[in-house]
Amino acid sequence: MSQKFNEQHTKKVEEKWTEHSDDDKEPYMSHPPNLEGWQIGRYYAGKSAKKAKKGRVKDCPLGTIIFSEAKTLRIKEMLTSKSLDYLIYLCETDNHTYSHIRDSAFKRQFLSIIRGNLIDKLSNASSELAQLHEMDTSYLKKFKEKQKNPKYTAMYQGRTKLPAFKEKDNLVKLIEENQVVVVSGETGCGKTTQVPQFILDHYIENEKGTLCRIICTQPRRISAITVAERVAEERAESLGESVGYQIRMEKKMPRKSGSICFCTTGVILKQMESDPSLSNISHLILDEIHERDVTSDFLITILREVIKKRNDLKIILMSATLNSEAFSNYFDNCPRINIPGFTFTVTEYFLEDVLQRTKFQCPRFHLPPPEQRSSIKKWTNYRYKSLVKPPEYEEYIEPYARKLLKDGTYAASVCEQLENPLSENINIRLILQLLIYICHKEEQNGAILIFLPGLMDISDLHKLITNSGKFPSEEYIIFPLHSQMATVNQKQIFEPPPLGKRKIIIATNIAETSITIDDVVFVIDCGKIKISNFNIESNSQTLNCEWVSLANANQRRGRAGRVKPGVCFHLYSRARHMILKEFQEPEVLRVRLDDVILTAKLLQLDLPFGNGSDDMRHTEMQNHFFQKLMDPPKMECVYLALDCLKRLNALDDSENLTPLGYHLARLPMGPQMGKMVLFGAIFSCLDPILSIATTLDFKSPFQISLTLEKEADMKRVELADGKASDHLIFHRVLYIHDIHPIPYKFCQDYFLSSYILNLLRDMKKDFMGYLQDLNFVSGTDPKNPLHNRNSDNLALVKAVICAGLYPNVAVVKYSKSKKFIRIRSPENEFFKLHPVSVINKVRDMKAPLLVYWEKINEYIHDASMVHPLPIIFFGDHYKYTFHDHNGLISIGNSLTFRANPHTGKIIEELRDRMNWFLENKITHPSIVNWDVDSDEINILRYDLKVNLLVNLL
DNA sequence: GAGCACTGC
C-alpha cells in the first residue's frame, strides 16, 4: 500500500468556496458609516447586548459554496440513477420492528439488546462451575506437595508476618457466612495479595477447589500485572497455573477453576455485556474501591442486582478504612472487617512549622508581572485581590493563628503570615528553602518527593532548584515526574541513587497511586491538586487547582514511610488540614455521561428519559439506574448526555439504541471516536483514522521536555508538513514509526515515547478485532489494503475526522495583527487555541472552520482545519432556506453557509444519498464492495472512474 | 498572547 503523505486529491475539489471579508462574516464589525455621535454609542451598546445574549450566529454565513456548471451536470446525471430507489427501499426505517434490515447475526443481537432487560436476563442465572471430585483431589494433592517446596515455605514465612495473616480465619469465616463483605485496611497490610489466596486455599483444602474461581479487580493495568506476579511468586508457581491476569491487549489466564485472576475493572464490566450474571465466577473481589472511579461505581451498582439472582456469588469489597462504612451501608449494612496497616511512622509538619524552621517570608501582596508594574491602576487591583479572603479565614484560620500567637510556641511573624491568604499559594521559593533545610539540618538521608499540581509548577521549581547552585549535580539527581514526561518509564527513578547522591523527585499526583518510589523518606505536599470537572451550564470540561482531600493528604504522607520512618511537610496550616474535605468527589459526578449511558444501554439497565420525552413516562421511572448509584449524578447531566447521543444518532427519539448506537456501545472508546472509526472502515481509510482515534482516545505520544521546549515545538511543526491539522500529525507519527528503520531513533529525534507508540499500535490491532466482530473488516491488520483504498486521500481522511468530532466545530478569528488566533463556537462563545497546536504556526488559513476533540478551560487542545462540505454532509439539523435572493444552508441550527439554489438542491440530494448509504452499511454490517459494478458503489458514483463522495469531500 | 491531574475497555 502506498500511503504517501500528500494532499494531492484535495486539488480535485472543484467547487468554488469563497471566504467572506471580515465585514461579511461579522456584519457588526464596525458601525454603519451613516451614524454619528450618540448614534454610534447606541449602536455599540446594542451590539454588546446582543453579544451578551450569546445569540446564535445564524445570520453570519461562514462562506459561499458554488459548484461549477460542469460539475452540477455530472452530479445531476448521477442523481437520476436507479440505484437510488434501491437504497430508499433498503433504508425505509421502521423503528419498532426494523423489518427493513435483512436477517443477520447483527440484527438478532441488536434486537435482543433493545428489547431485553437485565433483570429478565438474570432470572435464569446460575453458576457454571461444576464440582469435579477427581480434579478437587488433584488440586489438594498438588497443594500438599507445594507445602514441602522450600521456595513456597520461605515465601510463606514472609506472608505470616503480614497483618492480614492474623485475620485469616476471621476473613474466611466471614466470607463463607456472608454474600457481601467489606475488607478495609491501609496500604501495606497485605489484603490485596492475601485475601484471594486465603479463599482459594480454603476451597482447595476442603476438596472443593473446582468450585472456586476468584476474580480480583484492580483500577490500573500495571497493578493487575504486578499483583498477579507477586501472588504467583508467593505460591511458587509461574503465571498461568492457579494465578493469572487479564488486562486489555494482554492476558495470561489461569486455569478454569481453582484459580485467581487479576484484571482491570473495565475488563470485568466488558465481560458482563455477554455474561451479566458472571456465571463462571465464584468470588468477585473489588480492590481499591475507595478510589470511586466511574467503572467501579458502575460495577457495584449492577452487582447489587446480580447478587439477588446469584445467591452463590460472593462479593468482597476492599477499601481504605476511611470510607469502608459507606460501602457497607450501600450493601444493606453488610459486615466489615478492618486490617491494621503496616507502615513506618511518618512525622507530620504543617506550614507553621515550615515557616518557623526556614524563617521564610511569604509575599504580602501579589506582585504584578514586571511589564505591568508601571500601570498603577492594575497594581492596586492586584493589592486589592490579595486582600480578599476566602470565607473560611474568619471562621477557622484567623482564630487558629491568633491562638498560636497567644500560646507563644511560634514566632509572631509566623502567626501573622498564616493570616495572609497568600501564604497558602504555591510558593516555589518556600519549597527551595525547605529543601535546603532538609538537606542541611535534617539528619536522615533518603529521597525527597515533592507533590505539585501541574507541569507549570514542576517546570518552575525545577529551574529554580538547578539555577540556585545549592543542588549541584554531583550530589543530587533531580527527576521531574509527570505522565507526559520520559521519566515515568525510566528505571533509574526507582533504583537507589548512585553512591553519595540524593534523589529529589518533583511529581504530580501520579506519585500518589500510580508510581511508587520505595526509598522516599521526605515528602513535601503543596496541598493542591488539579481536578477535572464537568460544568453543566457551559456543557464543558474544566481543569482547576483545588485543595487536596484528607484521603489525598494521607496517601501523600504514606509515601514517606515505605522503608523506614519518614517526615511529611504539608505546606498548609493545621487549621486548613482540619477543614479539608474527606474525599474528592466521585468521578461519576465530574464527567460527561454519554459513554456511561451507552454502556448502560448495552447492559439493558433501566435509564431515565431525557428532557424532551413526555412527562408520563418520566414519572414512571423513579428507580432508574442512575438513582441506584452510590452518588447519583444531577439529572441535567444525564439529559445533556442523552441529547448528545441523540445528536450523534446513537439513540432514537424514544431513546432506544439505534443500530449505530449499538455498534458504538460495543466499541471500547467514546461514541464520537467510535463513529470516526466506523466511518474510517466504511470509507476505506482505516489506518490513518485508527491512528488518530486511538491517539485521541488514549494518549498523545509526544513527550514534554523541560529544557528543549522550543526544539520540541519545531519538530511538531516539521511533522505537520504544512497541513493545518494536529490530528494528521498523529497519523504521520504512527505511520513513520511503523516503517522507520530505527524507530527508537525516530522517537528520540522527535520527542516521542516509543512505549506509548507501541501501545497505540497494539490498541489499533485491538480495535480491528472489535471491528471484525462487528463485521466491518476482514482481519486484524490495520494496514490491510482492502481497508485503505482511500488512505492517501487526506481530504477524505479529514472529512472522516470531521464526522467523528462533530459537533465540536469552531470558527477561527484572527486578531487584527494576525499574530494569534481566537476561536468562536457556534454558540458565540470565545475560546483560545492551545499554544502547542500547530495551527498557531501553520498559516494555511484557507478555511476558517476547525473541528476539535478536547476543550479544557477555554482552550481547544488539538484541532484540524476543515472544508465546509464535510460539516454540511455529516452535521445534523440540515436546513436549506431561500429568501431575499440568498440561499442559506444551516447545520446544527447554528452554522450557516451561502449556496445558490441549484448548488443547495444538489448538496441536499447528495447528503441524503450518503446518509442512506451509511444507514444501509450500519444496518447491514459488511465490508464495502468497491468493485466497479457493486450496488453500493453505484450509489456513490457519478462516473465509472471516480467515486463521488471520496472526491467531493 | 501564552500552557497540558490521573486512569480504563
Side-chain angles (χ1 to χ4, degrees), chain A residues 217-224 246-251 263-273 288 291-299 369 371 451-460 481-485 488 507-515 526 528-533 541-546 548 552 555 584 587 590-591 595-596 598-599 602 665-670 673-674 694 697-700 702-704 706 709 712-713 726 759 762-763 766-767 769-770 814-822 832-837 840 854-862:
Chain A
T217 70
Q218 293 292 320
R220 280 166 291 280
R221 296 160 53 88
I222 184 86
S223 42
Q246 184 183 2
I247 59 177
R248 181 179 177 186
M249 303 183 294
E250 215 180 308
K251 60 179 172 188
C263 64
T264 37
T265 333
V267 168
I268 205 75
L269 195 59
K270 201 87 195 148
Q271 275 179 21
M272 291 183 94
E273 284 171 15
E288 313 276 9
E291 289 186 15
R292 301 295 311 273
D293 56 287
V294 175
T295 328
S296 68
D297 269 16
F298 197 113
L299 207 51
E371 68 277 10
F451 284 101
L452 285 173
L455 189 81
M456 236 1 186
D457 306 285
I458 293 179
S459 166
D460 288 349
L481 189 62
H482 182 283
S483 67
Q484 284 189 74
M485 281 182 181
V488 289
T508 59
N509 58 332
I510 194 168
E512 225 177 77
T513 48
S514 306
I515 288 180
C526 75
K528 302 281 172 69
I529 187 170
K530 283 209 175 177
I531 286 283
S532 79
N533 248 303
Q541 200 190 332
T542 60
L543 183 71
N544 290 317
C545 209
E546 292 177 13
V548 292
N552 294 122
Q555 182 70 22
Q584 289 300 341
E587 195 189 6
R590 299 187 285 112
V591 291
D595 210 14
V596 179
L598 271 191
T599 315
L602 198 57
R666 288 196 46 188
L667 288 171
M669 43 173 40
M673 285 308 120
T694 312
D697 193 65
F698 176 55
K699 198 182 223 187
S700 161
F702 283 98
Q703 295 198 312
I704 294 164
L706 286 186
E709 281 170 279
D713 272 3
D726 294 303
L759 268 180
D762 292 347
M763 235 174 245
D766 193 54
F767 284 133
Y770 282 93
Y814 282 107
S815 73
K816 277 203 178 117
S817 61
K818 289 218 172 192
K819 265 192 175 168
F820 63 97
I821 294 172
R822 286 221 295 167
K832 290 176 244 178
L833 193 61
H834 198 280
V836 297
S837 170
N840 286 304
E854 229 178 3
K855 192 188 87 205
I856 303 173
N857 293 1
E858 317 307 312
Y859 277 94
I860 284 169
H861 279 237
D862 308 291

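Only this structure's heavy atoms are used, side chains among them; waters, hydrogens and symmetry mates stay out. Proteins come first, then strands; the chains are lettered A, B, ... in the order of their sequence lines, and each starts at number 1.
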Considering only [options], which nucleotide approaches the side chain of [X] most closely?
{"X": "A/Val267", "options": "B/dT7, B/dC6, B/dC9", "result": "B/dC9"}
{"X": "A/Ser514", "options": "B/dG3, B/dC9, B/dC6", "result": "B/dC6"}
{"X": "A/Ile510", "options": "B/dC4, B/dT7, B/dG8", "result": "B/dT7"}
{"X": "A/Asn509", "options": "B/dT7, B/dA5, B/dC9", "result": "B/dA5"}
{"X": "A/Lys699", "options": "B/dA5, B/dT7, B/dC9", "result": "B/dT7"}
{"X": "A/Ile704", "options": "B/dC4, B/dG8, B/dA2", "result": "B/dC4"}
{"X": "A/Gln484", "options": "B/dC4, B/dA5, B/dG8", "result": "B/dC4"}
{"X": "A/His861", "options": "B/dG8, B/dC4, B/dC6", "result": "B/dC4"}
{"X": "A/Tyr859", "options": "B/dA2, B/dA5, B/dG8", "result": "B/dA2"}

Would you name the heavy atoms of [X] and [Y] that are closest together and state the gap between them?
{"X": "A/Val267", "Y": "A/Arg248", "result": "CG2-N, 4.1 Å"}
{"X": "A/Leu481", "Y": "A/Ala511", "result": "CD2-CB, 4.3 Å"}
{"X": "A/Thr265", "Y": "A/Leu299", "result": "CG2-CD2, 3.6 Å"}

Looking for any heavy atom pair under 4.0 Å, which part of the strands does [X] touch: base, sugar-phosphate only, or nothing?
{"X": "A/Val836", "value": "base"}
{"X": "A/Ile247", "value": "sugar-phosphate"}
{"X": "A/Arg248", "value": "base"}

Rounded to whole Å, how long is the line connecting atom [atom1] of [X] with atom [atom2] of [N]?
{"X": "A/Asp697", "N": "B/dC6", "atom1": "CG", "atom2": "P", "answer": "17 Å"}
{"X": "A/Leu269", "N": "B/dG8", "atom1": "CG", "atom2": "C1'", "answer": "10 Å"}
{"X": "A/Ile515", "N": "B/dA5", "atom1": "CD1", "atom2": "P", "answer": "15 Å"}
{"X": "A/Lys528", "N": "B/dA5", "atom1": "NZ", "atom2": "P", "answer": "15 Å"}
{"X": "A/Phe698", "N": "B/dT7", "atom1": "CZ", "atom2": "C1'", "answer": "10 Å"}
{"X": "A/Leu706", "N": "B/dC4", "atom1": "CG", "atom2": "P", "answer": "15 Å"}
{"X": "A/Asp766", "N": "B/dC9", "atom1": "CG", "atom2": "P", "answer": "9 Å"}
{"X": "A/Leu299", "N": "B/dG8", "atom1": "CG", "atom2": "C1'", "answer": "13 Å"}

Does [X] place a side-chain N or O at less than 4.0 Å from the phosphate oxygens OP1/OP2 of [N]?
{"X": "A/Lys530", "N": "B/dC4", "result": "yes"}
{"X": "A/His482", "N": "B/dC4", "result": "no"}
{"X": "A/Arg221", "N": "B/dC9", "result": "yes"}
{"X": "A/Thr264", "N": "B/dC9", "result": "yes"}
{"X": "A/Thr265", "N": "B/dG8", "result": "no"}

(request) Under the salt bridge (Lys or Arg N to Asp or Glu O under 4.0 Å) rule, collect the residues that match up with A/Arg590, sequence neighbours excluded. (result)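 Counting only residues at least two positions away or on another chain, A/Arg590 forms no salt bridge (Lys or Arg N to Asp or Glu O under 4.0 Å).
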(request) Check ring-ring contact (aromatic ring centres under 6.0 Å, His included) between A/Tyr770 and all other residues, then give those that pass, not counting sequence neighbours. (result)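 In terms of ring-ring contact (aromatic ring centres under 6.0 Å, His included), with neighbours along the sequence ignored, A/Tyr770 is linked to no residue.
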(message) Pairing donors with acceptors under 3.5 angstrom, does anything connect the side chains of A/Asn840 and A/Ser837?
(response)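 Side-chain D/A pair, A/Asn840 to A/Ser837: absent.
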(request) Give a yes or no on whether a donor-acceptor pair under 3.5 Å exists between the nucleobase atoms of B/dA5, that is its base, and the side chain of A/Thr508. (result)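 No such pair is found, so the answer is no.
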(message) With nearest nucleotide decided by heavy atoms, which residue, A/Tyr770 or A/Met456, maps closer to the 5′ end of DNA chain B?
(response)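 Closer to the 5' end of DNA chain B: A/Met456.
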(request) Could you tell me how the ring of A/His861 sits relative to the ring of A/His834: parallel (under 30°), tilted (30 to 60°) or perpendicular (over 60°)? (result)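 A/His861 and A/His834: tilted rings.
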